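Within every chain, numbering begins at 1; the chains are lettered A, B, ... in the order of the sequence lines, protein sequences first and strands thereafter. No experiment lies behind these values; they were computed from the predicted model shown.
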Amino acid sequence: MTEIAKAYEPHSVEQRWYPFWEGQGYFKPQGDGPIYSITIPPPNVTGKLHIGHALCYTIHDVLLRWKRMQGYRVLCVPGTDHAGIATQNVVEKELRKEGLSRYDLGREKFVERVWEWVNEYGGQILSQLRGLGCSFDWQRTRFTMDEGYVKAVMDCFVRWWEAGLIYRGKRVINWCPRCATAISDIEVEHEDRPGKLYHLRYPFKDGSGYVVVATMRPETMLGDTAVAVNPSDERYKDKLGQTMILPLVGREIPLIADYHAKAEFGSGAVKITPAHDLNDYEVGLRHNLEMVVIIDEHGRMNETAGPAYAGLDRFAARERILEDLEAQGLVDRLEDYTVPTALCTRCHTVVEPLLSDQWFVKMKELAGPAIEVVKEGKVEFVPERFGRTYLDWMENIRDWTISRQLWWGHRIPVWRTDDGEYIVARSEAEANEKAKGRRITQDEDVLDTWFSSQLWPQAVLGWPEQTEDLETYYPTSVLITARDIIYLWVARMIMSGLYFVNEIPFHDVYIYATVLNEEGKRYSKSLGITVDPLEVTALYGTDALRFALLIRTAKGQDIRFGPIREKRQPQVEEARNFANKIWNATRFVLMNLGEGAPVEARWEPSTALADRWILAELNSTIEQVTAALADYRLNDASQTLYHFFWDEFCDWYIEFSKTQFAAKEETDEVRAARNRIVYVLETSLRLLHPLMPFITEELWQRLPHEGDSIMVAAWPQIDQRREDREAREQMETLIALITKVRNIRSVMNIPISAWLKVYMATSDERIKALVTANADQFKRLARIAEISVTDALPALEAAARDVVAGVEMAVPLAGLIDLEKERERVNKEIGRKENEVKGMQARLGNPSFVDRAPSEVVEQTRARHDELMSEIAKLQETLKALGA
RNA sequence: AGGCGCGUAGCUCAGGGGUAGAGCACUACCUUGACACGGUAGGGGUCUGGGGUUCAAAUCCCCACGUGCCUACCA
C-alpha cells in the first residue's frame, strides 16, 4: 500500500496533471461525437487574471470537461484582444517613465514598441488560465491583430463599405481630451458631481432688455449661435426671431423656437452650442445654425475662442469668462447644482462633446435580423432577462462610431486621393491599383477595438476563408460572457455573424455572475483592492477556488467575494475543506483495498439497506447534476455533489459499511463491499471532475479504474432501476432512530465510553425488521451494547424515553440519569411537537381547508397530526413517570 | 428619470404556495484505527414593512422603504 499524505496538497498535483493532459492531446477535438464548441471572450493583452476572469474561464472549463466526458467532440479556441485604447495607454505609461511621449517616437516606432510589449506580456493572462486548469486548444490560439485576423477585419470593412453601410460624417461625438480620441457612448461613464448652474444674461440687440439662460458649462457660450425657447412658451411669443448680442464675442444670434427647450426649466430659454453639445447639435441641424468649434482636441480653447481665451484649458477658461461676464454685469445669479458629468471609462477624464469627422456604421439594417434571432429563440440568453435587455437596446440602436484617433489598432482601410475621392481597399497595393496613378494617403485613424472583436467567433475559425474549422465548429454552442458587454460585443457579434456567415454565431449566451467586493460593489481597477486569484490558489489550490466560485454562481446572481485577510479567505476555505474531505475519504478507501484479488470499481448487487440506499442516492445525484449542468445551474450541480459526497457518502455510507469493507480477512463478501465502495467513489470523482479537475484526476489514478485519464472517462449515466423509494424511507427512519439515541446521550452527558442498552417498541413489523437487520451498524454508530425491539416497552427505572417515527425508545440510565435534565429534555420535545400540532389543528378545524385543499394534503396533515398526538401522549406519560 | 435585480439565522448565501435550509461563526462533548481542513449533538430566523389574491403566502400580485446594477438624459 502506498503512503498517502494526511491532507490534500494541491500544488504538486496541479503541476503534474496539466502537462499530462495537454501532452495527451485531450484539449483538442477527439473522436467523432456531436460537436461542442466555444470561442472564449478574448481577454485584453493588457490583462492580468482577476477574479472575474477566474470565474468566467472556470465556467468555460466546467462545460468543456463535462461535454467531453459525455462524448462530444469538443473544441475551445482561446485568444487575446489587442484592446486599442487600453493597450496604447499602458505603453504610453511605460514611455512616460522614460520621459518620452508617443509623439517623440512617431507613429511607426510607437507601434513597433507596442508590438514588443504585446509579444512580451500579451500572452501572460493565457498562461495564467492554464493554471486554472482550462482545457482550451492552445494550438489554435488567436490574436485580434494576427495576420489572418487582419484580413477578416479588412474584408468586413470593405464589404460593409460596398454595401453602403459605412459612411463618413460630422457628428458631435464623445471626445476624451486626455486619450485624444473619440470614444463611443458605451465607453463613457456618468457620475453626479457637485457644481453650479450659471444664469447668464444675453442682451437684445435693440436694447430692450435681456434673456436669462442657464448653463453648467459657461465656457461653451463662446460657441453659441442661438438661444432657444419652447414654441408654446407664451413669455417669449413676441420676442421670437429677435436678435441678441452674444456677450464677450459680439456675435449676433437669434432667438428661435425649438421643442428641445423646456418651459419649466429656469427661464425657459436655453443657449445653443451646436459644436459642443449633442442636443444643441441637433437643434443646430434643424435650424441651420452655424457650428462654431471653440475647444480643441486637448480640451483647450482654440483660436476661434478669441485672443483672450485661446490656449486656456477649458476649466481655466470657465473662470476667466465668468470674471469677464461679472465685470459687465451679465451674471444673473449662481445656483448650487448637481452636475451630471460624463467621464472616459479608461482614464476618468471629463469627456468633451466635440464636432468632428468620423466613420460610422449604419446599424438599423444590421440590427433587424439580430433582433429576430433572439425573438425567435434561435439565440437564447441565460438568464432569460438579459434577452430583454438586449432587445431594448437593439430596438433603439444608434449608428456606431468606429473610428478612433489612436495609433494602435487596425488602421482604417480608406485612402484619399488628392482630388478628394475615398478609396476603400483590403490593402495598400489594392488601393494604389484602384487609384490609377493618383497619389493617395491613408486615413490616420484606427478602428474601434470592438470592430475587430465583433468578428471573433467566425474569424478565429478561419473566416473569411471557408475553412474546415468554420464549417465544422460554427455556429458555436455557447458564449459565456459578462453582462456589461452585451451591447459592446454580444450584439455586434450576432449582427456580423448573421451578415457575413448568414448564421448565428452561438446558440446560447450565458451571462455569468459579476464578482463584487464585500460591500456589494463592483471591483474596479481604479479603486484598487481586488482579489488576486493567484494568491488564492497559492493558498488553497485551484480546485478550491474553482469550487468556491462555482457553488455561488446562482442564476446570474452577483457573487460577493472578499479579499484574503490574515492569510484566510473563508469562502475558499470551505471549498478547500471539501477537497480535503474528498482526499481523506479516498485515502481511507485506498488504505483498505486489501492484498488479495484486485478490487474493481464495480457495483455488486446487494440487498443490504445501506447499499440499496447509496445506489439510489448516487443515481439521483447523477440525474440532478446532469440536469443542472445542462441548465447552466452550476451552483446546483456543486451543491448537490457537496451534499451527496459529504453528508450521504462520507457521514453515512462509509460509516455504515466501515467494518465490512475494512475487515482483515478477505472473504467474497468483503471484496464485494470493497468493489461497491470503490464504485460509488469512482463515480463520484467522475461527477466532480468538471468542477475540480486536479484532485479528481490524482485520486482517480490511484483508485482501480479503466482508461488513461478521468478527463476522458465517461460521464456517469442514470439507471431508473436503481431508484429505490423503500430504501430511502427506511434509511431515513434508521437515521432518525440513531440520531435520537445520540441526542439523548449528548443532552444527558453520557460519556463516550459508556456502551448503553436501548429498548425500542413498535407494532410496525417492518421497523422491527429494519432495526434487527441493521443492529450491528446501529450499535456502532449510536454506541449501544444491546438492542431490544418489542411490541411494548418493559417497565424500566431511571431511563430516558422518547418517541420518534412512531417508535418508542427507552435508554436505561441507572446512575447516569439526571431527572431534572431529563424532564427538561422531554418537555422541550413536547413543546416542539405541540407547536407543530397547533398549526395543523387550525387548518384541520377550518372547513374550507378540508373542502378545498387537495385531498392528499388533507390526508397527510391528518396522519401527521394523529402521529404527533400519540407521540405527545406517550411523552406526557414519560413525564408523569419522572414525577413531574 | 426609466429598466433590471436583490432584501431569508451574527456573516456569506441557496430555496420557493402546505409554518424554513447550507457553509462559516457560536455552545457542549469527543484526539473512537480517513479526515480537528474532522466527528456528534445543540442554540439561533414573526423569511424588510404594509396591503391584496388564496382553504393556505417567506413563496404570487400591488405599494412603500433600503440596496445594487444598467440605460437614457437633465440649460
A:R742 side-chain N/O to B:A41 phosphate OP1/OP2 under 4.0 Å: yes

Which nucleotide in B:C35, B:G3, B:G18 has an atom nearest any side-chain atom of A:P854: B:G18

Ring centers of A:F656, A:F661 separated by less than 6.0 Å: no

N or O in side chain of A:R587 less than 4.0 angstrom from B:G33 OP1/OP2: no

Phosphate contact (B:C4 OP1 or OP2) by A:R388 side-chain N/O below 4.0 Å: no

Short side-chain N/O contact from A:T739 to OP1 or OP2 of B:A41, under 4.0 Å: yes

Short side-chain N/O contact from A:W646 to OP1 or OP2 of B:G39, under 4.0 Å: yes

Whole-Å distance separating the CG atom of A:L550 from the P atom of B:A22: 22 Å

Whether A:E698 side chain and A:Y8 backbone form a donor-acceptor pair below 3.5 Å: no

Residue-phosphate contact under 4.0 Å: A:N743 side-chain N/O, B:G42 OP1/OP2: yes

Sugar-phosphate only, base, or nothing, as touched by A:K262 at under 4.0 Å among non-hydrogen atoms: base

Main-chain N/O of A:E335 paired to A:H199 side chain as donor or acceptor, under 3.5 Å: no

Residue-phosphate contact under 4.0 Å: A:R385 side-chain N/O, B:C4 OP1/OP2: no

Exceeds 12 heavy-atom contacts within 6.0 angstrom, atom CD of A:E395: yes

A:Y632-A:Y510 aromatic ring centre distance below 6.0 Å: yes

Helical stems, RNA chain B - three or more consecutive Watson-Crick or G-U wobble pairs below 3.5 Å: B:1-7 with B:65-71, B:10-13 with B:21-24, B:26-30 with B:38-42, B:48-52 with B:60-64

Phosphate contact (B:G43 OP1 or OP2) by A:R832 side-chain N/O below 4.0 Å: yes

